[in-house]
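This report concerns only the one structure given below.
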Amino acid sequence: MNDPRSERRGALGEADGAVPDGVTVFDDAIPAVANLDPDLLKALRRAAADAADDGVEFHVNSGWRSPEYQDRLLREAVSRYGSREAAARWVATAATSPHVSGDAVDIGRSDATAWLSEHGARYGLCPIYRNEPWHYELRPEAIDRGCPRVYADPTQDPRMQQ
């Protein structure tokens, strides 16, 4: 007899925020991109257009995620790291993850993250965690003041303490 819960877990895919290889910030047909906060997506696209002039392309490794997908990632991290506390350094709960709200994007390829680390503040795009140099969120005040200090990892982020 099939367990419907395991079928649901196995069925998570693009509609829940999984990202196929090669997706860029311009791929509106992919929910992980299309469901990002509109201001974040606009800033990403402006930055990506400018980065393209330097031969850099922004690939999306992760963007918006459904709560179900986030829960699955957390379960997998707990299994991998051995405890919920250890997993929290890498994966937030569905209730606290900025990916679930569409407020975070993980940019792939080291040339893109290097470009963003140098130029991202100009667009309000800031790294948030030292242990996740690919994770960016929109901080509009960074355009004038620069990006705020990064947290060592998500366990240091007050938003994750809910």
Side-chain angles (χ1 to χ4, degrees), residues 4-82 86-139 147 150-151 153-154 157 160:
R5 288 175 303 175
S6 65
E7 286 179 17
R8 175 64 182 139
R9 279 194 296 260
L12 295 175
E14 279 184 35
D16 289 290
V19 180
D21 290 340
V23 169
T24 74
V25 299
F26 298 103
D27 288 326
D28 287 328
I30 305 298
V33 174
N35 292 336
L36 287 172
D37 172 81
D39 292 331
L40 172 59
L41 188 53
K42 185 176 172 183
L44 281 166
R45 288 177 172 173
R46 280 195 325 266
D50 290 347
D53 292 340
D54 294 332
V56 176
E57 188 173 38
F58 287 10
H59 287 261
V60 175
N61 286 345
S62 189
W64 168 85
R65 300 176 191 147
S66 71
E68 295 81 12
Y69 187 40
Q70 188 69 31
D71 286 342
R72 177 179 174 181
L73 293 174
L74 181 57
R75 283 191 308 275
E76 290 170 355
V78 169
S79 177
R80 179 177 182 183
Y81 297 109
R89 292 192 62 234
W90 303 100
V91 181
T93 67
T96 61
S97 174
H99 285 282
V100 172
S101 61
D103 293 321
V105 65
D106 295 346
I107 297 295
R109 300 197 178 160
S110 59
D111 62 340
T113 57
W115 193 95
L116 273 174
S117 71
E118 184 177 342
H119 305 286
R122 252 193 331 221
Y123 307 88
L125 298 170
C126 295
I128 304 301
Y129 307 118
R130 192 173 309 117
N131 72 326
E132 295 184 9
W134 53 82
H135 179 101
Y136 278 80
E137 297 180 25
L138 183 63
R139 298 290 185 268
C147 289
V150 296
Y151 298 107
D153 61 54
D157 186 342
M160 301 300 130

Quick one, [X] and [Y] - any side-chain contact, counting heavy atoms below 4.5 Å?
X     : Y      : answer
Leu44 : Leu125 : yes
Pro98 : His135 : yes
Phe58 : Val60  : no

Name all residues meeting the side-chain hydrogen bond (donor to acceptor under 3.5 Å, both in side chains) criterion together with [X]; count only those two or more places apart in sequence or in a different chain, and write none if there are none.
X      : result
Asp157 : Tyr129, Arg159
Ser117 : none
Thr24  : none
Ser97  : Gln70

Is there a side chain to side chain contact (heavy atoms under 4.5 Å, CB included) between Val56 and Arg109? Walk through the geometry before answering. CA-CA 9 Å; Val56 176; Arg109 300 197 178 160; over 6 Å; no
Taking all non-hydrogen atoms of both residues, which atom of [X] and which atom of [Y] are closest, and how far apart?
X      : Y      : result
Gly55  : Asp111 : O-OD2, 4.4 Å
Leu40  : Gly102 : CD2-O, 3.7 Å
Ala88  : Pro154 : O-CB, 3.5 Å
Ile107 : Ala112 : CG2-CB, 3.6 Å
Val100 : Pro67  : CG1-CG, 4.0 Å
Leu74  : Ala87  : CD1-CB, 4.3 Å

Euclidean distance, [Y] [atom2] relative to [X] [atom1], rounded to 0.5 Å:
X      : Y      : atom1 : atom2 : value
Ile128 : Asp153 : CD1   : CG    : 13.0 Å
Lys42  : Tyr123 : NZ    : OH    : 14.0 Å
Thr93  : Asp71  : OG1   : CG    : 8.0 Å
Glu132 : Arg89  : CD    : CZ    : 9.0 Å
Ser101 : Leu36  : OG    : CG    : 9.5 Å
Thr113 : Trp134 : OG1   : CH2   : 9.5 Å

Salt bridge (charged side-chain N to carboxylate O under 4.0 Å, His left out) contacts in which one or both residues fall within residues 47-60, not counting sequence neighbours: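 Residue pairs with at least one partner in residues 47-60: there are none.
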What ring pair (Phe, Tyr, Trp, His ring centres under 6.0 Å) pairs are there with at least one residue in residues 27-55, not counting sequence neighbours?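 Of all non-adjacent pairs touching residues 27-55, none passes ring pair (Phe, Tyr, Trp, His ring centres under 6.0 Å).
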Residues at least two apart in sequence or cross-chain that pass salt bridge (Lys or Arg N to Asp or Glu O under 4.0 Å) with Arg45, listed by chain then number, are Asp28
Among all residues two or more places apart in sequence or in another chain, which pass the salt bridge (Lys or Arg N to Asp or Glu O under 4.0 Å) test with Arg122?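 Result, salt bridge (Lys or Arg N to Asp or Glu O under 4.0 Å) vs Arg122: none returned.
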Determine which pairs satisfy disulfide bond (SG atoms under 2.5 Å apart) with at least one residue from residues 89-136, sequence neighbours left out, and list them in order.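 Qualifying pairs: Cys126-Cys147.
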Do Asp27 side-chain atoms and Ile30 backbone N/O form a donor-acceptor pair below 3.5 Å?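 It does not hold such a pair.
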By side-chain contact (heavy atoms from CB on, under 4.5 Å) - contacts of Val150 (at least two apart): Pro127, Arg130
Check side-chain contact (heavy atoms from CB on, under 4.5 Å) between Ala86 and all other residues, then give those that pass, not counting sequence neighbours. Tyr81, Ser83
Among all residues two or more places apart in sequence or in another chain, which pass the ring-ring contact (aromatic ring centres under 6.0 Å, His included) test with Tyr136? none
Go through the steps to decide whether Val19 and Asn61 satisfy the test side chain to side chain contact (heavy atoms under 4.5 Å, CB included), and finish with yes or no. CA-CA 6 Å; Val19 180; Asn61 286 345; over 6 Å; no
Using 4.0 Å as the upper bound for N to carboxylate O, is an ion pair formed by Arg72 and Glu76?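 So Glu76 pairs with Arg72 through a salt bridge.
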